[in-house]
**Student:** 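Before anything else, here's the structure in question.
Worth saying up front: this structure is predicted, and the values here are computed from it rather than measured. All values below come from the heavy atoms of this structure, side chains included, with hydrogens, waters and symmetry mates left out.
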Amino acid sequence: MTYLPFSADWLTGGVRGLPRLSAWAWAWAWSRRLLRLSSVRLGSVRLVSVALLLVMGLGSMAQAARPDDELLARDKTHQMPDLRPYPAGNQRKVAFFELMIPLVVAENQRIAEQRDWLLAMRKRAGDGGRDYSEREQERLNGLCDQANLPCDVTREDIGVSWTRLLLRIDTLPLDMVLVQAIEESGWGTSGHARDANNLFGMRCFSRGCGIGPPGREYRRFESLEAGIAAYFDNLNSQRSYAELRELRGRLRNAGQPVRAEDLIPTLSAYSTRGNAYFTTLYDLLRWNRGLMRTVRERLAANGALS
């Protein structure tokens, strides 16, 4: 596969100041105009080549002109860009954090909204208001499915304890998510990150289910958002991470912050490396926490963390 020495998000996000895909229309129109002006007649293949060259140049100019925190066009979903052209070190780190922080923050916000709704429903149930509407039943069943719990929601009961459900609908520390993504994807440069939107090394075990050797393939996701959501679902619902959820719940009930340092030792099922894996994650936290904070503050100030 050939990789271009600049970000290719102009293909899906358009050129700065132009709507989505208008870069193609712009390049096509100008290529035709240039050809008319020069009175040169070219075949359709060569005409398309001229248009592609113009768009590539336009993409490069847009890349150079925009601020660093506009790594991605603000589309609904994103594909993993190739970060390898960024030199290893701070430039690649900043590019990685600018890519990942808004997406992880958005997933945490989505789950926090679900959790707030569940807390409101639990309070209502405690006050005797258990007459769940059809829409409420549908949403409760959906959250039970997300949490991998066998609920049987009716108008009067959710079929599972609120405590069990709330343990599984909860956020994760941003910095823990980031350091796992760093370690599992090599700062976003691994093949399964670039080709499958899989930054967390999640595998599947049926032939053809993803990419890589048969029987131990890496899961493929349609977007970065889908891969991040699957990682959250994994930690929030699978039996292997019950200790993480219970510790997080105890910290919440005690009114204490849920920190990456507290949860990392509960990730023994994530890697066969044992304590060496924990040490790596702790080191990544220590070496990169300041830069994470700096990038997040700048993204927030620029309105990129909605």
Side-chain angles (χ1 to χ4, degrees), residues 68-69 71 80 83-84 86-112 167 170-190 192-193 197-203 224-225 227-236 238 240-252 254-301 304-305:
D68 288 341
D69 58 307
L71 252 177
M80 184 67 199
L83 300 184
R84 292 177 300 174
Y86 291 92
N90 266 13
Q91 288 190 45
R92 187 179 294 170
K93 289 181 178 184
V94 169
F96 182 86
F97 290 145
E98 288 178 339
L99 169 71
M100 288 295 290
I101 288 175
L103 302 181
V104 177
V105 167
E107 181 64 11
N108 266 330
Q109 288 174 341
R110 183 182 74 86
I111 292 174
L167 279 177
D170 204 346
T171 59
L172 294 168
L174 171 65
D175 46 3
M176 186 187 84
V177 179
L178 292 175
V179 295
Q180 277 209 278
I182 293 166
E183 175 62 13
E184 298 293 339
S185 73
W187 290 96
T189 64
S190 67
H192 53 271
N197 292 310
N198 183 342
L199 277 81
F200 298 95
M202 291 176 287
R203 292 187 181 268
L224 285 173
E225 286 85 347
I228 292 169
Y231 162 82
F232 272 73
D233 286 348
N234 186 29
L235 297 192
N236 275 334
Q238 296 304 309
S240 301
Y241 305 106
E243 183 184 356
L244 179 149
R245 297 189 294 271
E246 291 165 3
L247 174 57
R248 181 179 58 187
R250 291 197 301 271
L251 292 169
R252 290 246 187 268
Q256 298 178 15
V258 178
R259 305 182 309 154
E261 292 90 340
D262 299 321
L263 298 189
I264 283 174
T266 69
L267 296 172
S268 57
Y270 213 99
S271 171
T272 59
R273 290 163 52 199
N275 289 334
Y277 185 67
F278 304 153
T279 299
T280 298
L281 297 184
Y282 284 132
D283 287 343
L284 288 169
L285 270 178
R286 186 172 67 255
W287 295 332
N288 296 287
R289 179 167 271 164
L291 184 58
M292 291 180 201
R293 184 182 302 112
T294 297
V295 172
R296 180 175 184 176
E297 289 173 353
R298 179 160 55 82
L299 290 171
L305 303 182

**Student:** Sequence neighbours left out, what passes side-chain contact (heavy atoms from CB on, under 4.5 Å) with A112? Give chain and number order.
**Tutor:**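 With neighbours one apart ignored, the set is T171.
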**Student:** Does any non-hydrogen side-chain atom of L267 lie less than 4.5 Å from one of L281?
**Tutor:**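 Sidechains of L267 and L281: in contact.
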**Student:** Quick one: list whatever passes salt bridge (charged side-chain N to carboxylate O under 4.0 Å, His left out) with R250, sequence neighbours left out.
**Tutor:**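 None.
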**Student:** Which residues satisfy the side-chain contact (heavy atoms from CB on, under 4.5 Å) test with E184, sequence neighbours excluded?
**Tutor:**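 Once residues adjacent in sequence are excluded, the partners of E184 under the side-chain contact (heavy atoms from CB on, under 4.5 Å) criterion are Y270, Y277.
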**Student:** D262: what forms a side chain to side chain donor-acceptor pair (under 3.5 Å) with it, not counting sequence neighbours?
**Tutor:**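 Scan of D262 (side chain to side chain donor-acceptor pair (under 3.5 Å), adjacent residues dropped) gives R259.
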**Student:** Run the side-chain contact (heavy atoms from CB on, under 4.5 Å) test against A242 and tell me which residues pass, sequence neighbours left out.
**Tutor:**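 For A242, the residues satisfying side-chain contact (heavy atoms from CB on, under 4.5 Å) (neighbours in sequence not counted) are R245, E246.
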**Student:** With rounding to the nearest 0.5 angstrom, report the OG to CG distance, S185 to N197.
**Tutor:**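 The CG atom of N197 is 11.5 Å from OG of S185, to the nearest 0.5 Å.
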**Student:** Applying side-chain contact (heavy atoms from CB on, under 4.5 Å), can you list everything that pairs with A181, at least two apart in sequence or on another chain?
**Tutor:**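 Residues passing side-chain contact (heavy atoms from CB on, under 4.5 Å) with A181: F96, M100, L199, F200.
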**Student:** Would you confirm whether N108, through its side chain, and L172, through its main-chain N or O, come within 3.5 Å as a donor-acceptor pair?
**Tutor:**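 Here the side-chain-to-backbone pair exists.
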**Student:** Using modelled atom types only, decide if a donor and an acceptor are shared between the side chain of R84 and the backbone of T189 within a distance under 3.5 Å.
**Tutor:**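 Not at all, since once roles are kept as given, no pair shorter than 3.5 Å links the two residues.
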**Student:** Would you check if F97 and I182 make a side-chain contact, meaning some heavy-atom pair closer than 4.5 Å?
**Tutor:**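 Answer yes - side chains close enough.
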**Student:** D233: what forms a salt bridge (charged side-chain N to carboxylate O under 4.0 Å, His left out) with it, not counting sequence neighbours?
**Tutor:**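 Applying salt bridge (charged side-chain N to carboxylate O under 4.0 Å, His left out) to D233 gives none.
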**Student:** To the nearest 0.5 Å, tell me how far L83 CG sits from L99 CG.
**Tutor:**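 If I round to the nearest 0.5 Å, the distance is 6.5 Å.
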**Student:** Could you note down all residue pairs passing salt bridge (Lys or Arg N to Asp or Glu O under 4.0 Å) where residues 270-280 supplies at least one of them, sequence neighbours left out?
**Tutor:**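 Checked against salt bridge (Lys or Arg N to Asp or Glu O under 4.0 Å) - neighbours excluded - the pairs reaching residues 270-280 are E183-R273.
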**Student:** Any side-chain heavy-atom pair from R296 and L178 closer than 4.5 angstrom?
**Tutor:**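 No, too far: nothing below the 4.5 Å cut-off.
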**Student:** Taking all heavy atoms of A260 and all of L285, pick out the closest pair and write down the distance.
**Tutor:**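 Scanning both residues completely, I find the closest heavy atoms to be CB-CD1, 3.9 Å.
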**Student:** With D170, which residues qualify under salt bridge (charged side-chain N to carboxylate O under 4.0 Å, His left out), at least two apart?
**Tutor:**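 D170 satisfies salt bridge (charged side-chain N to carboxylate O under 4.0 Å, His left out) with R115, R248, R252 once adjacent residues are dropped.
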**Student:** Would you indicate whether the side-chain heavy atoms of V177 and F232 approach each other to under 4.5 Å?
**Tutor:**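 Of all side-chain heavy-atom pairs linking V177 with F232, at least one is under 4.5 Å.
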**Student:** Please determine, by modelled atom types, if Y231 and E107 share a side-chain donor-acceptor pair under 3.5 angstrom.
**Tutor:**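 Judged by distance alone, the side chains do not pair up.
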**Student:** Which of these, L263, L167, I264, sits in a side-chain contact (heavy atoms from CB on, under 4.5 Å) with L244?
**Tutor:**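 Considering L263, L167, I264, a side-chain contact (heavy atoms from CB on, under 4.5 Å) with L244 is found only for L263.
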**Student:** Can you name the residues that form a salt bridge (charged side-chain N to carboxylate O under 4.0 Å, His left out) with R289, not counting sequence neighbours?
**Tutor:**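 R289: salt bridge (charged side-chain N to carboxylate O under 4.0 Å, His left out) contacts with D175, E261.
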**Student:** The criterion is side chain to side chain donor-acceptor pair (under 3.5 Å); which residues satisfy it with S190, sequence neighbours excluded?
**Tutor:**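 Result, side chain to side chain donor-acceptor pair (under 3.5 Å) vs S190: H192.
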